[in-house]
Amino acid sequence: MNALAQVPSDFLHALGTLRKARCRSELRLDEIPAPSRLAPFAVALGAEVIVPSGGGDYAAVHGPAAMALARSAAAGDDPDGDELATGRFILLYDPDGSAVWDGEFRIVTYIRAQLDAEMGNDEMLGTVAWTWLVEALETHHAPYRAAGGTATRVLSESFGTLSDRPGSIDIELRASWTPASADIQSHLEAWSDMVCTFAGLPPLPDGVSALPRRRRN
């Protein structure tokens, strides 16, 4: 019996729906090693939001994208573009279910982005980050339950020989929730939009569709 034959059909179905997800072109997704101790079956994706040097034809709404555009204007084009936000999307599956999850599937996510000082010091930042998550799931009609998470601000200061480095404030959001079914497509699409929101990119204009997710070589 090959390894694929031992994978439960519900998990295979979930993997198939992930492949159908349509994500923005600024988002790069790669499969990464999945944690082996959290569930019998798991898949993990790593994400980076990359904006081309010069910022393309749109204006950033806040945060990292705004700073990247400013750097680009001051220093000239970077052929690789600027990394604005990173994240991980992990899908766990336990055929026996979990009382903690309230289901057989669980989605575990992480997002990190650097903010400008004004936004980073906003007392409501954690609440805003959580609201972005809830709104993204609702906008993509991704039914879920038992959601929970933690928003953290990370202040970085440099000293000594590194004192010329400017200070920075990062926002991190760790969140997990239980999808209502094995159809995970809308959940990945919602999360990918949320990563772009953290990066400071504006929403796609009405009538413009995201691109199907393509695996990078």
**OP:** Start with the C-alpha gap between E48 and L27, add the side-chain angles, then the distance that decides, and say whether side chain to side chain contact (heavy atoms under 4.5 Å, CB included) holds.
**Re:** CA-CA 6 Å; E48 297 175 324; L27 186 78; over 6 Å; no
**OP:** Please name the pair of heavy atoms, one in A182 and one in D10, separated by the smallest distance, quoted to 0.1 Å.
**Re:** CB-O, 3.9 Å
Original post:
Can you name the nearest heavy-atom pair linking A44 to P33, along with the distance?
Top reply: CB-O, 3.9 Å
Original post:
Between L201 and V49, is any pair of side-chain heavy atoms under 4.5 Å apart?
Top reply: yes
Original post:
Taking side chain as C-beta onward, heavy atoms only, is P95 less than 4.5 Å from F41?
Top reply: yes
Original post:
If Ile, Leu, Val, Met, Phe, Trp and Tyr residues are connected whenever their side-chain heavy atoms lie under 4.5 Å apart, and connections chain through other members, are L15 and V108 in the same group?
Top reply: no
Subject >> Non-hydrogen atoms of A190 and H140 that approach each other most closely >> reply: CA-CD2, 3.5 Å
Subject >> Verify same cluster id: F11, L38 (apolar side-chain graph, 4.5 Å) >> reply: no
Original post:
Any luck finding a side-chain donor-acceptor pair between W177 and H187 under 3.5 Å?
Top reply: yes
**OP:** Report the residue from R145, R106, E104 that forms a side chain to side chain donor-acceptor pair (under 3.5 Å) with T178.
**Re:** R106
Subject >> Minimum-distance pair of heavy atoms, taken over all atoms of A151 and G126 >> reply: CB-CA, 3.7 Å
Subject >> CD-CG distance between Q114 and D170, expressed to the nearest 0.5 angstrom >> reply: 5.5 Å
Original post:
What do the steps show when you test F89 against I184 for side chain to side chain contact (heavy atoms under 4.5 Å, CB included), and what is the final call?
Top reply: CA-CA 11 Å; F89 181 98; I184 313 299; 4.0 Å; yes
**OP:** Compare all side-chain heavy atoms of V43 with those of I90 and state whether any distance is below 4.5 angstrom.
**Re:** no
Original post:
Within 45 degrees of the axis of the six-membered ring of Y110 and under 6.0 Å from its centre: does R174 put its NZ or CZ there?
Top reply: no
Original post:
Are T86 and I111 close enough, and set up right, to give a side chain to side chain contact (heavy atoms under 4.5 Å, CB included), and what steps lead you there?
Top reply: CA-CA 6 Å; T86 59; I111 302 174; over 6 Å; no
**OP:** Would you give the length of the straight line joining atom CG of L188 to atom SG of C23, rounded to the nearest 0.5 angstrom?
**Re:** 4.5 Å
Original post:
Does V154 share a hydrophobic cluster with W130, counting links as ILVMFWY side-chain heavy atoms below 4.5 Å and allowing steps through other members?
Top reply: no
**OP:** Would you check, one step at a time, whether the test side chain to side chain contact (heavy atoms under 4.5 Å, CB included) holds for L45 with D30?
**Re:** CA-CA 5 Å; L45 300 172; D30 283 307; over 6 Å; no
Subject >> Heavy-atom pair with the smallest gap, counting every atom of M194 and L133 >> reply: SD-CA, 3.1 Å
Original post:
Cut-off 3.5 Å, side chains only: do T109 and R88 have a donor facing an acceptor?
Top reply: no
Original post:
Same cluster for Y144 and L92 if Ile/Leu/Val/Met/Phe/Trp/Tyr side chains link at under 4.5 Å?
Top reply: no
Original post:
For the side chain of D183 and the backbone of Q185, is there at least one donor-acceptor N/O pair under 3.5 Å apart?
Top reply: yes
**OP:** Answer whether the closest heavy-atom distance between the side chains of H141 and S186 falls below 4.5 Å.
**Re:** no
**OP:** Give a yes or no on whether V195 and L29 share a hydrophobic cluster (residues Ile, Leu, Val, Met, Phe, Trp, Tyr; joining criterion: side-chain heavy atoms under 4.5 Å apart).
**Re:** yes
Subject >> Closest non-hydrogen atom pair between A129 and F198, with its separation >> reply: CB-CZ, 3.8 Å
**OP:** Fit a plane to each ring of Y93 and F105, take the angle between them on a 0 to 90° scale, and name the class: parallel (under 30°), tilted (30 to 60°) or perpendicular (over 60°).
**Re:** tilted
